[in-house]
Amino acid sequence: MKKSRILTLVIDDMTKREVRGIKKYNATLDRKDVTFDEWLNHAYEEALDFALYLKKIIDERASNTIQKN
């Protein structure tokens, strides 16, 4: 099966991110020293960051766009 260009880009990004994480934390997500609740909290915090990034982009776009009706 041929992969789409976008899927290939995402896989490349994920691979680079894992390499960065290994260098930073000297561990992969296979680590066993983090509890389920800690993983859940990490994911929640990442989701909060994502919401902030989205709001920033939405706000910037709205302030730089002149609405014509």
Side-chain angles (χ1 to χ4, degrees):
M1 180 181 94
K2 183 174 168 40
K3 295 177 190 162
S4 70
R5 184 180 74 80
I6 298 301
L7 176 59
T8 301
L9 291 172
V10 169
I11 291 169
D12 289 346
D13 287 344
M14 292 177 85
T15 301
K16 290 174 191 170
R17 186 150 179 87
E18 181 170 64
V19 168
R20 232 171 76 202
I22 292 168
K23 287 179 183 176
K24 184 173 182 177
Y25 300 105
N26 198 32
T28 68
L29 291 179
D30 294 329
R31 57 194 289 187
K32 303 294 184 198
D33 61 324
V34 180
T35 67
F36 180 83
D37 287 342
E38 289 170 328
W39 284 121
L40 196 57
N41 193 58
H42 287 312
Y44 175 69
E45 289 172 356
E46 292 291 338
L48 291 175
D49 289 343
F50 183 62
L52 290 170
Y53 304 150
L54 286 173
K55 188 60 177 178
K56 169 69 175 171
I57 293 166
I58 291 167
D59 184 62
E60 288 277 322
R61 188 171 189 189
S63 65
N64 292 326
T65 303
I66 298 172
Q67 298 284 334
K68 294 182 180 179
N69 292 338

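Note that the numbering runs from 1 along the sequence shown for the chain. No hydrogens, no waters, no symmetry mates; every other heavy atom, side chains included, goes into these values.
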Visitor: Using distance only, find each side-chain donor-acceptor pair of residues 49-56 under 3.5 Å and give its atom names and separation, not counting sequence neighbours.
Guide:
unit_1: Lys56; atom_1: NZ; unit_2: Glu60; atom_2: OE2; d: 2.8

Visitor: With sequence neighbours excluded, what pairs up with Asp33 under the side chain to side chain donor-acceptor pair (under 3.5 Å) test?
Guide: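 By the side chain to side chain donor-acceptor pair (under 3.5 Å) rule, Asp33 matches Arg31.
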Visitor: Residues in side chain to side chain contact (heavy atoms under 4.5 Å, CB included) with Val19, at least two apart?
Guide: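 Val19: side chain to side chain contact (heavy atoms under 4.5 Å, CB included) contacts with Lys23.
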Visitor: Does Glu38 have any side chain to side chain donor-acceptor pair (under 3.5 Å) partners at least two apart in sequence or in another chain, and if so, which?
Guide: Thr35
Visitor: What distance separates Met14 CE from Leu9 CG, expressed to the nearest 0.5 Å?
Guide: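 The CE atom of Met14 sits 13.0 Å away from the CG atom of Leu9.
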Visitor: With sequence neighbours excluded, give me every salt bridge (charged side-chain N to carboxylate O under 4.0 Å, His left out) pair touching residues 3-21.
Guide: none
Visitor: Using the side chain to side chain contact (heavy atoms under 4.5 Å, CB included) criterion, which residues pair with Thr15? Sequence neighbours excluded.
Guide: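 Thr15 satisfies side chain to side chain contact (heavy atoms under 4.5 Å, CB included) with Ile11 only.
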Visitor: Report yes or no: do Val34 and Leu29 belong to one cluster of Ile/Leu/Val/Met/Phe/Trp/Tyr joined by side chain heavy-atom distances under 4.5 Å?
Guide: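 They do share one cluster, since a chain of ILVMFWY contacts under 4.5 Å joins Val34 to Leu29.
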